[in-house]
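My structure is below; once you've seen it, I'll send some questions.
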Amino acid sequence: MPPALLSLNNYHYRRGGSDVVFLDHDQLFRELGWKTAVMAMDHPKNLTSPWSRFFVNEIEFGHSYSPGRKLVNATKVVYSFEASRRLRALLSEFKPDVAHAHCIYHHLSPSVLWTLRRANIPVVLTAHDLKVLCPAYKMLNSLGICERCKNHSVFNAVRYKCVHGSRTVSALVAIEAALHRTLKTYEKTVDMIVAPSQFFVDKFLEWGWSDKKIRLVRNFVDERDAPIRQEHGDYFLYFGRLSIEKGVGTLLTAARDAGIRLFIAGTGPEEKRLRELATTLRANVEFLGFRTGDDLRRIVQGALAVVLPSEWYENNPMSVLEAFSLERPVVGARIGGIPELVVEGSTGLLFESGNVADLTRALRAVISMPKSTLDALGANGRCLVQTSYSRATYVESTLDVYRSLGISC
């Protein structure tokens with residue numbers, strides 16, 4: 001009898017890096033011969049799944065809802081009885097040996113963790129972000145990087161309006177965090193947290209987690225896919241979500257100052273503001289919208305370099321791994337887990353996060369590089385992926401975690 005894996009995540013489509021990891025993880029273990037099932041939230045963009053009848057009703061916090069619906073959604077953020085009920089129904093048909101949770105907060109909610117614990121199913125949680133530690137999950141607010149909730153009340157999130165600049169929304173997530181801190185939800189229901197970067201491992205240890213309950217399992221890309229053979233063009237590329245923590249506004253200003261051509265592939269809540277900023281700056285910027293698959297691959301490999309200007313504690317960004325797999329160097333902010341991937345002068349260039357002048361310097365340095373140097377940086381990036389961020393490495397690291405919980409695999 002093959003082992004059985006249940007994967008849980010809010011979204012069942014490739015919305016962001018964590019969703020990519022969730023979907024690829026499920027597919028990877030299915031290819032290894034495991035039985036797999038998934039649980040997520042209903043969404044118009046979802047991929048087809050035989051388990052969709054167990055998905056919870058959609059919640060999108062940017063949508064307009066009636067006052068009554070808003071109240072119901074608010075209670076689901078804290079503890080979703082609907083998710084717990086639907087998970088119990090799924091478990092009546094599918095008996096997992098292990099459950100692997102990804103981003104479950106605010107939609108599925110931690111209620112699913114208690115349901116799994118009551119069913120005596122070992123639980124692994126991938127820390128794609130810092131939600132277990134920080135009510136707002138980014139450790140970022142309008143004042144910059146913030147760790148005030150480390151030794152103090154989670155209601156600092158309300159004081160500093162850490163979520164969407166809203167005191168009301170921040171109060172909701174603070175209540176959620178306070179409840180689950182009081183219940184010790186994650187300590188009692190999660191058998192192992194896996195973190196994709198050493199930076200995140202260290203951050204959990206700094207915040208008091210035992211090294212017996214956290215493991216390093218780096219993300220992966222399928223290094224077996226050969227790069228598309230083409231000459232690079234004359235542009236830099238940012239691809240990913242257009243949200244405040246990604247630092248794209250800083251990149252637009254630096255692009256103008258460096259006199260470069262910049263492509264931006266992606267969508268998100270900051271798109272309108274960033275388009276207006278690009279117009280105001282008169283920067284040479286093209287917004288390409290959402291791109292994926294071979295279309296995105298061609299855009300990535302046609303770039304001089306990919307730029308990741310993050311201004312929060314980035315984890316183990318898939319965009320960097322994808323760029324490396326296509327032999328493109330990366331200009332990355334020196335923050336979070338990015339320096340574990342972007343090695344100065346080896347796989348790309350680093351700059352001080354949020355510093356326009358330093359990013360401008362790095363962009364100009366790339367422009368001045370001969371093709372042979374750019375090619376060498378790209379080749380080093382692909383070598384790093386093949387040795388440390390490969391499919392095989394990910395499988396073995398994950399199986400080690402599962403075995404440590406007594407699962408035969």
Side-chain angles (χ1 to χ4, degrees), residues 8-11 16 18 41 56 58-84 101-115 117 125-190 193 195 200 203-209 241 243-246 269-270 311-315 336:
L8 303 96
N9 191 62
N10 288 331
Y11 294 94
S18 58
M41 175 184 71
V56 301
E58 178 186 1
I59 303 174
E60 285 293 351
F61 295 102
H63 290 184
S64 296
Y65 294 114
S66 67
R69 180 69 185 278
K70 286 181 179 179
L71 179 61
V72 170
N73 288 349
T75 62
K76 288 182 177 180
V77 166
V78 177
Y79 193 100
S80 174
F81 290 96
E82 178 199 8
S84 179
H102 294 266
C103 288
I104 58 168
Y105 324 107
H106 300 169
H107 297 86
L108 298 183
S109 88
S111 68
V112 296
L113 301 177
W114 286 108
T115 302
R117 173 55 62 218
L125 173 68
T126 293
H128 294 286
D129 52 43
L130 293 164
K131 174 64 180 175
V132 173
L133 308 179
C134 167
Y137 82 83
K138 296 177 185 176
M139 290 193 180
L140 180 74
N141 57 34
S142 60
L143 301 178
I145 294 295
C146 172
E147 297 192 32
R148 292 178 178 86
C149 292
K150 179 178 180 181
N151 298 311
H152 303 285
S153 169
V154 294
F155 287 94
N156 273 299
V158 183
R159 179 181 180 185
Y160 295 99
K161 297 187 288 189
C162 293
V163 184
H164 303 316
S166 165
R167 189 161 273 119
T168 300
V169 178
S170 299
L172 177 60
V173 299
I175 291 169
E176 175 217 10
L179 172 66
H180 293 295
R181 273 194 180 186
T182 300
L183 295 175
K184 295 187 180 297
T185 292
Y186 300 105
E187 292 89 341
K188 291 181 177 180
T189 65
V190 176
I193 287 180
F200 266 39
K203 192 58 64 178
F204 270 82
L205 296 177
E206 285 174 23
W207 280 57
W209 276 74
R241 186 163 166 78
S243 50
I244 191 70
E245 72 275 9
K246 295 297 185 178
E270 287 287 291
E311 295 177 5
W312 74 305
Y313 287 151
E314 196 78 55
N315 191 355

Do Thr168 and Ser166 pair up side chain to side chain, a donor and an acceptor below 3.5 Å, judged on atom types alone?
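No, no side-chain donor-acceptor contact under 3.5 Å.
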
- Parallel, tilted or perpendicular: which fits the ring planes of Tyr186 and Tyr105, with parallel below 30° and perpendicular above 60°? perpendicular

Contacts of Asn315 meeting side chain to side chain contact (heavy atoms under 4.5 Å, CB included) (sequence neighbours excluded), chain-then-number -> Pro196, Ser197, Phe200

inquiry  = Using the rule side-chain contact (heavy atoms from CB on, under 4.5 Å), only one of Cys162, Cys146, Cys149 pairs with Asn156; which is it?
reply    =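 Result for side-chain contact (heavy atoms from CB on, under 4.5 Å) with Asn156: Cys149.
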
side-chain contact (heavy atoms from CB on, under 4.5 Å) for Arg148 and Leu143? Distances and angles first, verdict last.
CA-CA 12 Å; Arg148 292 178 178 86; Leu143 301 178; 3.9 Å; yes

Hits for side chain to side chain contact (heavy atoms under 4.5 Å, CB included) against Glu245, two or more places apart or cross-chain, chain-then-number order -> Lys138, Leu140, Ser243, Trp312

The salt bridge (charged side-chain N to carboxylate O under 4.0 Å, His left out) partners of Lys203 (sequence neighbours excluded) come to Glu147, Glu206

Between Ser170 and Val163, the two heavy atoms sitting closest are OG-N, 3.0 Å

For Lys131 and Val173, the nearest pair of non-hydrogen atoms, with its separation, is NZ-CB, 4.3 Å

With no hydrogens and no angle check, is any side-chain donor or acceptor of Thr126 less than 3.5 Å from a backbone partner on His128?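 Such a contact is absent between Thr126 side chain and His128 backbone.
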
For a 4.5 angstrom cut-off between non-hydrogen side-chain atoms, does Val132 reach Val190?
no

When you measure from the side chain of Asn10 to the backbone of Cys103, do you find a donor-acceptor pair of N or O atoms at a distance under 3.5 Å?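 Here the side-chain-to-backbone pair exists.
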
query: Has the side chain of Arg117 got a donor or acceptor atom that lies under 3.5 Å from a matching backbone atom of Lys188?
result: yes

Tightest non-hydrogen contact, residues Tyr11 and Met41, listed as CE2-CE, 3.5 Å

